[in-house]
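Worksheet: one structure, shown below.
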Amino acid sequence: MAISSSEGVVKKGRERHYAKWGLIFVLPGLLSYLFFSFYPLMSSIVQSFHYIRGAGNPWRFVFLENYKTIVTDGDFWNSLLVTFGYVLLTVPAGTLIAFTVALAITGIRRYRSFLRALYFLPSVAGIIVIGIIFTWMYEPYNGLLNMLFEKIGLGPFLWLRGKGTALISIAIMTIWRTLGYNIVILMAGILSIPGTFYDAAEMDGVGILRKHLSITLPLTLPTITFVVIYNSILNLQVFAEVFVMTGGGPGVATTTIGFRIYREAFLFLSFGRAAANAVALMLIIVGITLIQTRILNQREFTLE
Amino acid sequence: MNRRKTVKQLLLYLVLGVIGIMIIVPFLYMIVTSLKSKPEIMAKDGSFFPKEIIWTNYRMVFDSVPYLSSLWNSFFVSAVTTLIAIFFSTMVGYGIAKFRSKVLNITLFLFMTALMIPPFMVALPLYLVAAPAGLTNNLWAIIIPFAVSNFGIFLMHQFCLSIPDDLLSAARIDGASEFSIYLLIVLPVVSAGASAFGILKFLMTWNDFFFPLIMLTREKSMTLQVMLATSIDFEYGVDYGFVMALSTMVVLPVIVIFLIFQKRIIEGVAISGLKG
């Protein structure tokens, strides 16, 4: 009896010791979260209810004025359309291509890691450098792409200079740039499928397409979900590509929400309205992420 | 059956080879353009490779833009951010993984939701605080906010879960303090994972754009990405020879890093995908 109660004291002391040290170790993370995640989030919301002309100037409370302005502003709806268009142009095609190539790489016997590394190169090169290279390749008069297309009797295309083609041109670059990253993630998912699943299919004499449709696809669905959501979140925020390649043009053909936020804040010095745009963007991101998780998880459930 | 398999293999190599060429050509185009003279670049039907190799574009990189100071700024910001990120993300991840309590689990959830907050929402309020305080063009102002990486905490938490508890309690019985256990046991044990995260964080910071763009307005304090992006004006006839030479010099350091750590980088990405 006496022993067990003293054990209890020791245990309680140890628990307190753990709780204390756990908190000490987690503290830098909590402080960083407080200052660099929570504060900016709350401040953005408060900002969006104010009129703020540049940094350092007093904030004037205008409540929903900024939101009213952006909702009645055709430019905002256009930027929504452009941003969704960009996501629709990049994510489904990008994921499908990456999945197909990942399957192809897992199908070969040699040079697997060499090819994977080669494809990964654009992922480390940085958006600015790649954006500049592609702007040069897309140059209508003396750029590489029109020169190549003319050799086979196509074009010339306007690429970034055309209202109808500018967004597609940026999307093509993004699919090219993110291919390697997506392949690495998808390959990790594909390679984690136990070989026994395929052995059984092989014994039944199932064809390649059937094999991948009924084994690989459902079993890599969690990984595919991750790729779709990850790319959607990133591409909804597209900014650097637009900044360096088109500046939002021609006209407003590539003015995405991300670029609009930058323009409102740093060209028009209207930080309140920029914040309202940013809040709208975050709501869209959270909404789309929730919807995608829902749909893709449901599909996984029905397939199993 | 065997012949069909060989044909299939050849076909796969062919397709993958073509994609490989499509990946490499833009980089090649950047390099060959950087070695061409202006008239050769302007010509409509020029050849892919330069007729005559010219180095003046590279001389311009050192003469007409602050390349070396930007290179140093990029290196300083990336290296310091990475070191802080490794130390603190591992510390927080370890705290959550090994000192199990309900409070700590909530913090993990907090750090994960923070991954969904768009960088715009973080950047604008921080700018509004930093600019009046005279912190623009201060490199520490772009280092500190992203140094304790939420992504890193999540990743290192996963690695720390696999540390054997016996190892930690043995050290405690020997009378080691909690902090020295972290420094002398935990960090070395998870060093493989920490270095994979570190290289990824270095590359991410090196290529980071939005926050450095708004915070660094003086040429002398710009990072390479900001300097490159702001030194080009597409409206008035771009000098592509010079721009490609500058791009080559901007991307060269990361290509070298990639070639050295290629295996670790790709493993790091693969792990982050599986754990996410």
Side-chain angles (χ1 to χ4, degrees), chain A residues 18-19 21-22 25-26 28-30 32-33 36-37 40-41 43-44 47 55-56 101 104-105 107-108 115-122 124-129 132-133 136-137 141-142 144 181 184-185 188 223 226 237 239-240 243-244 258 261 265-266 271 274-275 278 281-282 285-286 289, chain B residues 9 12-13 15-16 19-20 23 26 29-30 33 42-44 88 91-92 94-96 99 101 104 107 110-111 114 116-118 120-122 124-128 131-132 145 148 153 178 203 207 209-210 214 225 228-229 232 234 240 243-244 247 250-251 254 258 262 266 269-270 273-274 276:
Chain A
Y18 278 136
W21 276 96
F25 282 134
V26 175
L30 282 177
S32 174
Y33 178 85
F36 306 125
S37 295
L41 185 68
S43 176
S44 287
Q47 260 177 57
V101 178
I105 297 185
I108 58 173
L115 283 170
R116 199 171 57 162
L118 177 67
Y119 296 165
F120 199 76
L121 206 57
V124 298
I127 295 173
I128 304 302
V129 166
I132 292 171
I133 298 174
W136 169 216
M137 290 205 303
Y141 177 68
N142 53 355
L144 180 69
Y181 182 91
V184 170
I185 304 267
T223 319
F226 172 79
Q237 300 175 47
F239 165 74
F243 180 89
V244 78
I261 295 171
F266 294 95
F271 278 84
L281 176 60
M282 198 190 71
I285 289 176
V286 172
T289 308
Chain B
Q9 286 279 307
L12 285 179
Y13 279 115
V15 172
L16 292 173
I19 295 170
I23 295 290
Y29 193 48
M30 167 183 76
T33 306
M42 296 297 282
K44 186 165 170 50
F88 284 111
M91 189 161 140
V92 177
Y94 165 63
I96 298 172
F99 295 83
S101 77
L104 297 179
T107 62
L110 278 183
F111 299 136
M116 276 220 289
I117 303 172
F120 294 113
M121 291 200 86
V122 179
L124 290 182
L126 290 186
Y127 175 84
L128 285 182
V148 185
I153 290 172
E178 289 296 340
L203 292 174
N207 289 328
F209 185 63
F210 186 68
I214 62 175
Q225 309 297 333
L228 174 63
I232 299 165
F234 283 118
Y240 276 112
V243 168
M244 289 298 116
S247 299
V250 168
V251 83
V254 279
F258 177 65
Q262 175 260 107
I266 289 175
V269 169
L274 280 186

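Sequence lines set the chain letters: A, B, ... in the order given, protein chains first and strands last, and positions in each chain run from 1. Keep in mind that what you see is a predicted model, and the values were worked out from it rather than measured.
Counting heavy-atom pairs under 4.5 Å between each of B:A114, B:A131, B:G20 and chain A puts B:G20 at the top. Per-residue heavy-atom pair counts under 4.5 Å with chain A were compared for B:M30, B:E178, B:Q262, and the maximum is reached by B:E178. Contact count against chain B (heavy-atom pairs under 4.5 Å) is highest for A:L144 among A:L30, A:L144, A:L281, A:V184. The greatest number of non-hydrogen atom pairs below 4.5 Å with chain A, out of B:I117, B:I96, B:V250, is found for B:I117. Chain B forms more heavy-atom pairs under 4.5 Å with one residue of A:L41, A:L115, A:L121 than with any other, namely A:L121.
If you measure heavy-atom distances from B:L16 to chain A, the contacts under 4.5 Å come from both the backbone and the side chain. Only the side chain of A:A265 has a heavy atom closer than 4.5 Å to any heavy atom of chain B. Residue B:I266 touches chain A through both its backbone and its side chain, counting heavy-atom pairs closer than 4.5 Å. When heavy atoms are compared at a cutoff of 4.5 Å, B:L203 approaches chain A solely by way of its side chain, counted from C-beta outward. Both the backbone and the side chain of A:Q237 come within less than 4.5 Å of a heavy atom in chain B. At a 4.5 Å heavy-atom cutoff, the contact between A:Y141 and chain B is made by backbone and side-chain atoms alike. For B:Q225, the parts lying near chain A are the backbone and the side chain together; criterion is any non-hydrogen pair under 4.5 Å. Heavy atoms of A:S44 lying under 4.5 Å from chain B belong to its backbone as well as its side chain.
Between B:L124 and A:I261, some side-chain heavy-atom pair lies under the 4.5 Å cut-off. Contact of the A:F36 side chain with the B:V148 side chain is not registered, since no non-hydrogen atoms from C-beta on lie closer than 4.5 Å. Looking at A:P40 and B:M121, their side chains never come closer than 4.5 Å, going by heavy atoms from C-beta outward. With contacts defined as side-chain heavy-atom distances shorter than 4.5 Å, the pair B:F209/A:I127 does not qualify. Between B:V269 and A:F120, some side-chain heavy-atom pair lies under the 4.5 Å cut-off.
Note that CD1 of B:I19 and CD1 of A:I105 are 8.0 Å apart. Values are rounded to the nearest 0.5 Å.
For the side-chain contact (heavy atoms from CB on, under 4.5 Å) test, residues two or more places apart in sequence or in another chain that qualify with B:T33 are A:W136, B:Y29, B:I41, B:Y240, B:M244. Partners of A:P28 by side-chain contact (heavy atoms from CB on, under 4.5 Å), not counting sequence neighbours, listed by chain and number: B:F88, B:M91, B:V92.
A donor-acceptor contact shorter than 3.5 Å links the side chain of B:Q9 to the backbone of A:G107.
Heavy-atom minimum distance, A:I285 versus B:P118: CD1-CG, 3.9 Å.
Below 30°, between 30° and 60°, or above 60°: for A:F266 and B:F210 the angle between ring planes is above 60°, a perpendicular geometry.
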